Amino acid sequence: MRDDWIAPSILSADFARLGDEVESVLKAGADLVHFDVMDNHYVPNLTIGPMVCEALRGHGITAPIDVHLMVSPVDRLVEDFAKAGASYISFHPEASDHPDRTLQLIRDVGCKSGLVFNPATTTSWLDHVIDKVDMVLLMSVNPGFGGQEFINTTLEKLVSVRQIIDQSELPIRLEVDGGVKVENIAKVASAGADTFVAGSAIFGAEDYSSIIAQMKSEIASVR
Ligand code: DX5
Ligand code: ZN
């Protein structure tokens, strides 16, 4: 039985009430908080940084915070996010000059490390560094915005990364990000994901508990 996690992306939350929004989704059954960091350089959008992560911790959020860095360069922000209370820190390997060094740095500062692959990015980046990876994140949209359509070729990519992870026998999580909703989450789960980011599908719903419960029951239907 897989330990499946739902990770609401706060990109679609009401930023004016962020602390309350995060509390609400956690109370509604979310397992970790997906925190999208965009720099208007690596991606064409600008969002939030370490100060906001620290503010959530100060607000009393104790759940794991899953920081998704869509920034270049990467390394300078790793330490800042570790100090700000991040649990996972994931980055896009092509955005770092030295991905192996960045992976080590993330673990050295006490966080779990993640590598993120865009729809067109090859997962062969994993070949020589898999022992330094705690999470693989497959983008099922091009990064930069919430509310985009799920790219279906991600399903095959999930199947192949699931095989790589299983063969490695390492405790690596497999996360999917972009366009995940009740209607497609079962397919994503059966392709091999165990960690499901959903932004607009959760924060756009009237009732967070009911949408998260529906997602969990869809996942359970293929386990
Ligand atoms: C996109 C972000 C995603 C996004 C997901 O660049 O990394 O986390 O917020 O949003 P939805 O679930 O609306 O596609
Ligand atoms: Zn994300």
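Quantities reported herein were computed from a predicted structural model and do not represent experimental measurements. Each ligand, and each atom within it, is numbered from 1 in the order the structure gives.
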Contact table ligand 1 N or O to protein N or O, d under 3.5 Å:
residue  : atom   : partner : partner atom : Å
ligand 1 : 6 (O)  : Gly144  : N            : 2.8
ligand 1 : 7 (O)  : Asp36   : OD1          : 2.9
ligand 1 : 7 (O)  : His68   : ND1          : 3.2
ligand 1 : 7 (O)  : Asp177  : OD2          : 2.9
ligand 1 : 8 (O)  : His34   : NE2          : 3.4
ligand 1 : 8 (O)  : Asp36   : OD1          : 3.2
ligand 1 : 8 (O)  : Asp36   : OD2          : 2.7
ligand 1 : 8 (O)  : Asp177  : OD1          : 2.7
ligand 1 : 8 (O)  : Asp177  : OD2          : 3.0
ligand 1 : 9 (O)  : Ser9    : OG           : 2.9
ligand 1 : 9 (O)  : Asp36   : OD2          : 3.2
ligand 1 : 12 (O) : Gly199  : N            : 2.7
ligand 1 : 13 (O) : Gly147  : N            : 2.8
ligand 1 : 13 (O) : Ser200  : N            : 3.0
ligand 1 : 13 (O) : Ser200  : OG           : 2.5
ligand 1 : 14 (O) : Gly179  : N            : 2.8

Determine whether a donor-acceptor pair (N or O, by modelled atom type, separation under 3.5 Å) exists between the side chain of [X] and the backbone of [Y].
X	Y	answer
Ser160	Lys157	yes
Glu175	Val136	no
Arg223	Ala189	yes
Gln148	Phe145	yes

Can you find a pair of side-chain heavy atoms, one from Leu155 and one from Val188, that are under 4.5 Å apart?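 Leu155 reaches Val188 side chain to side chain.
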Does the side chain of Ile65 come within less than 4.5 Å of Tyr88's, by heavy atoms?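 They are not in contact (no side-chain heavy atoms under 4.5 Å apart), so the answer is no.
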Report yes or no: do Leu11 and Met139 belong to one cluster of Ile/Leu/Val/Met/Phe/Trp/Tyr joined by side chain heavy-atom distances under 4.5 Å?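 Per the 4.5 Å side-chain linkage, Leu11 and Met139 are not co-clustered.
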Measure distances from the Zn ion (ligand 2) and count the protein N, O or S atoms below 2.8 Å.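 Total protein N/O/S atoms under 2.8 Å from the Zn ion (ligand 2): 4.
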Arg173 and Asp194 ion-paired at < 4.0 Å: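 Result for this pair is yes, salt bridge flagged.
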Pair His68 and Phe35, ring centroids less than 6.0 Å apart: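 Judged by ring-centre distance (under 6.0 Å), His68 and Phe35 do not meet the cut-off.
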